[in-house]
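These notes are about the structure you will find just below.
Being a predicted model, the structure only gives us computed values, none of them experimental.
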Amino acid sequence: VQLQASGGGLVQAGGSLRLSCAASGRTFSSYAMGWFRQAPGKEREFVAAISWSGGSTYYADSVKGRFTISRDNAKNTVYLQMNSLKPEDTAVYYCAADSYGVLTYNSARSEYEYDYWGQGTLVTVSS
């Protein structure tokens, strides 16, 4: 599976962006998908995840209520709608795929759960 993230950019605080992650391959619909981010000088952290069916979603506390993860299996794409953006959301955002397809509260948050990673897209939120 190859993942291509896009949609990053510069936005003012309070604004919105939608990130997309397009996947190659015919097995996308069986993969759970996640978004992680890495701010300058910090470790990569979990943002959101979604099960293969879209029936289960998981969010970091820092983005709950502001970000929404969704997927369109017909388009082999997962999205991250980011609203009410804050300067602390500034980071490179990475999408990742988990071939097992099923996530738990803990596994969704672990980088080691995911088998494939995209190249990242930069989100900059100005104050």
Side-chain angles (χ1 to χ4, degrees):
V1 175
Q2 290 188 326
L3 304 175
Q4 181 74 38
S6 62
L10 174 64
V11 64
Q12 288 188 330
S16 298
L17 280 176
R18 187 176 80 157
L19 304 183
S20 299
C21 176
S24 63
R26 294 174 292 177
T27 57
F28 173 79
S29 61
S30 67
Y31 285 71
M33 300 295 295
W35 285 97
F36 287 73
R37 67 186 181 187
Q38 187 167 21
K42 295 188 177 181
E43 294 186 351
R44 190 157 56 185
E45 64 176 3
F46 168 75
V47 176
I50 189 166
S51 63
W52 69 273
S53 67
S56 298
T57 56
Y58 306 85
Y59 295 95
D61 288 344
S62 59
V63 307
K64 196 174 298 182
R66 300 188 298 123
F67 291 10
T68 302
I69 189 170
S70 62
R71 65 189 298 157
D72 185 338
N73 286 342
K75 296 182 178 180
N76 280 14
T77 303
V78 64
Y79 304 98
L80 185 69
Q81 178 66 44
M82 306 186 295
N83 298 329
S84 303
L85 283 161
K86 305 175 181 180
E88 51 264 44
D89 294 318
T90 295
V92 176
Y93 283 71
Y94 299 90
C95 60
D98 164 30
S99 59
Y100 183 58
V102 177
L103 298 170
T104 66
Y105 177 90
N106 289 325
S107 70
R109 288 159 170 77
S110 171
E111 291 185 40
Y112 302 103
E113 178 72 16
Y114 299 87
D115 308 293
Y116 306 96
W117 292 82
Q119 86 291 357
T121 185
L122 176 62
V123 173
T124 303
V125 184
S126 63
S127 57

Legend entry - Contact list for residues 51-94, test ring pair (Phe, Tyr, Trp, His ring centres under 6.0 Å), sequence neighbours left out: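 Non-adjacent pairs meeting ring pair (Phe, Tyr, Trp, His ring centres under 6.0 Å): zero.
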
Side chains of residues 8-18: which donor-acceptor pairs under 3.5 Å do they make with residues two or more places apart or in other chains?
| residue | atom | partner | partner atom | Å |
| --- | --- | --- | --- | --- |
| Ser16 | OG | Asn83 | OD1 | 2.9 |

Legend entry - Distance under 6.0 Å and angle within 45° of ring axis: Arg71 vs Tyr31: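 Negative - Arg71 is either too far from the ring of Tyr31 or too far off its axis.
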
[X] vs [Y] side-chain heavy atoms within contact, under 4.5 Å:
| X | Y | result |
| --- | --- | --- |
| Ser62 | Arg37 | yes |
| Met82 | Val47 | no |
| Val123 | Asp89 | no |

Does [X] use its side chain to pair, donor to acceptor, with the backbone of [Y] at less than 3.5 Å?
| X | Y | value |
| --- | --- | --- |
| Arg66 | Ser84 | yes |
| Gln119 | Ala5 | yes |
| Thr90 | Pro87 | yes |
| Thr27 | Ser30 | no |

Would you list the pairs meeting disulfide bond (SG atoms under 2.5 Å apart) in which at least one residue belongs to [range], sequence neighbours left out?
| range | result |
| --- | --- |
| residues 45-124 | Cys21-Cys95 |
| residues 41-81 | none |
| residues 24-91 | none |

Legend entry - Taking every non-hydrogen atom, the tightest pair across Ser51 and Gly55: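 So the minimum-distance heavy-atom pair works out to OG-N, 3.3 Å.
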
Legend entry - Least distance between heavy atoms, Ala108 atom then Phe36 atom: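 Of all heavy-atom pairs spanning Ala108 and Phe36, the closest is O-CZ, 3.9 Å.
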
Inset, instruction - Mind jotting down which residue pairs meet the salt bridge (Lys or Arg N to Asp or Glu O under 4.0 Å) criterion with at least one end in residues 110-127? Sequence neighbours excluded, please. - result: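 Salt bridge (Lys or Arg N to Asp or Glu O under 4.0 Å) check on residues 110-127 returns Arg44-Glu111.
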
